[in-house]
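Reading through the structure tokens given below for one structure.
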Amino acid sequence: MKIKKLAPVLFCLLVFLAAGRLLWAEARLDMSKAGVKGGNCAACHGQDKVLSKGHVDTKAMNWEACRACHTKDNLSLTGKLPNSHHHLLAGVGCIECHGKTKTPEELDMDKCVSCHGPTEGLAQKTKDIKPTNPHTSPHYGTDLDCNLCHHQHTRSEDFCGQCHSFNFKTP
Amino acid sequence: MKRAHGTINQSGSEVVNKELAKAREIGVKVQMRAKMERLIVNKDGRVVGIEVRKNYRFPDEKSGSAAFIKAKKAVVLASGGFSRDVRMRMIHDPRLTDRYESTNQPGATGEAILAACKAGAMDVQMDWIQLGPWTSPDEKGFGFVPLFCERLVGYGPMINPKTGKRFFKETGNRKERADAIILLGDPVIIMGDTYAVNKQVFPNALQKGMEVGAIKKFDTLEALAREYNIPVDAFLNEIKRWNGFVEKKKDDDFDCIIFKDARPVLEAPFYAARLWPKVHHTMGGLVINKDAQVMSLDFNPVKGLYAAGEATGGVHGAVRLGGVAMADCIVFGRVAGKNAAAEKAWS
């Protein structure tokens, strides 16, 4: 009886876990794929079903095209797609950040700032975020390393969440 | 007692921010995300560098790769304490299981202290681990309740919810109070009335503590008792008793300091928060001499090794006073830095 009652819950859980697994498919950082367009999932992921069932073909899409359906409020991609994919879809590929190399190295936040601008400006942009501005703090001012929250090839995290309950949804 | 300077952001981090800014200004390379693995000692027993895991991502022990950093003159350990290292702190104080959270950042672990011990350093007072008796189990980290609790002691009572009665001197030191709460085995309550809270608690701390749900407001004492499953009659009698002590400015039960401007707990609404200790500071650590040299097991300095701050032991005694850890860091940090820089390079 109990099992029967639980079955739909377990099924949903399995689907959820499977979906999570697909969206966060194993990163295969292969610089030989450096020229691949962001929408061309199969070029790196092969036969893995990385998109939801019935999703439109993305092969020719860029970030702007994704945003036709995925907005901040509707079907948001926040936390669902590695940031490297956002970059790739926006035309910023492996080489733009890591340079021409077969063995990409971890990058300093200077690289982020070189395109996104100084962190003071970013803090100004996010000053109204509740419960508090994620880009400035009493501890670090605006100097906290971008990469402590915003990862590129793994899931981003809420670094403040180690000690605070701000519950930031980190892109 | 006046014993520390406040910083502009009311946190020790501002000291680090200023130091970092200066270091960057004079071209010091700051290597982030490098976990220290061991000290490297040459055949003469001199520390000549460290092995790290470069691009380490806490707490993934598989992340990063081995790298070596040569220290021409000396290594200065400023790695902090081990409040977040449950395994290590339980060796020294078996009470401190993972039931006790910490006010520290998650990287407050003890590897660097252990690495120094492996290189021949002596440790001291490792079981003198300080818990904050003013922290709340209803919020993360240090939180806001300490700013509520410490402003209210001497103005409002601490109550054991099981009995409805007080159980310890509210103005006692950190160790005595934390030990008393641990002995009870479950969280206790700190409370105050509107007069005390408005007078004593910074509005920002009160507001934020209430937003996260760690501080609660009640229209009546009965409602407060119900919220925390406190036996109502015993509680009301205890408040009456406390109010009597406040009137005569003398606590016959626990000798709590009752401040001159304290008033009986009468004015609604009433505010309360639960308290459960969190590990806050490890007074024990590496033995250093007045020159901040780390001492070895043969009572001589370990050549080329200095340490400062919470990684060291023997500076504060059993109950570190609030505010003086910064003085420890700055005084011995400066001594260590100057002496390390004055060492003769080994090659």
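Since this is a predicted model, take the numbers as computed values, not measurements.
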Need one label for N17(B): side chain, backbone, both or neither, based on atoms under 4.5 Å from any heavy atom in chain A. side chain
Evaluate the side-chain proximity of R33(B) to N147(A): yes if any heavy-atom separation is below 4.5 Å, no if none is. yes
Heavy atoms only, distances under 4.5 angstrom: which of R57(B), K208(B), E14(B), E101(B) has the most pairs with chain A? Name it, please. R57(B)
Only one of N9(B), T7(B), I8(B) passes side-chain contact (heavy atoms from CB on, under 4.5 Å) with P138(A), and that residue is N9(B)
I need the minimum non-hydrogen distance between R84(B) and Q162(A), along with the two atoms involved. NH2-O, 3.7 Å
If you round to the nearest 0.5 Å, how far is CD of E211(B) from NZ of K130(A)? 9.0 Å
Looking at K140(B) and H164(A), what are the two nearest heavy atoms and their distance? CD-O, 3.4 Å
Tell me whether R99(B) at atom CZ has more than 12 heavy atoms from other residues, nucleotides or ligands lying less than 6.0 Å away. yes
Looking at F68(B), I want to see if its CZ is surrounded by more than 12 non-hydrogen atoms of other residues, nucleotides or ligands under 6.0 Å. yes
Heavy atoms from other residues, nucleotides or ligands near CZ of R87(B) exceed 12 (cutoff 6.0 Å): no
Counting only heavy atoms not in R67(A) (residues, nucleotides, ligands), do more than 12 fall under 6.0 Å from its CZ? no
Can you confirm whether K169(A) is buried at NZ, in the sense that more than 12 heavy atoms of other residues, nucleotides or ligands lie under 6.0 Å from that atom? no
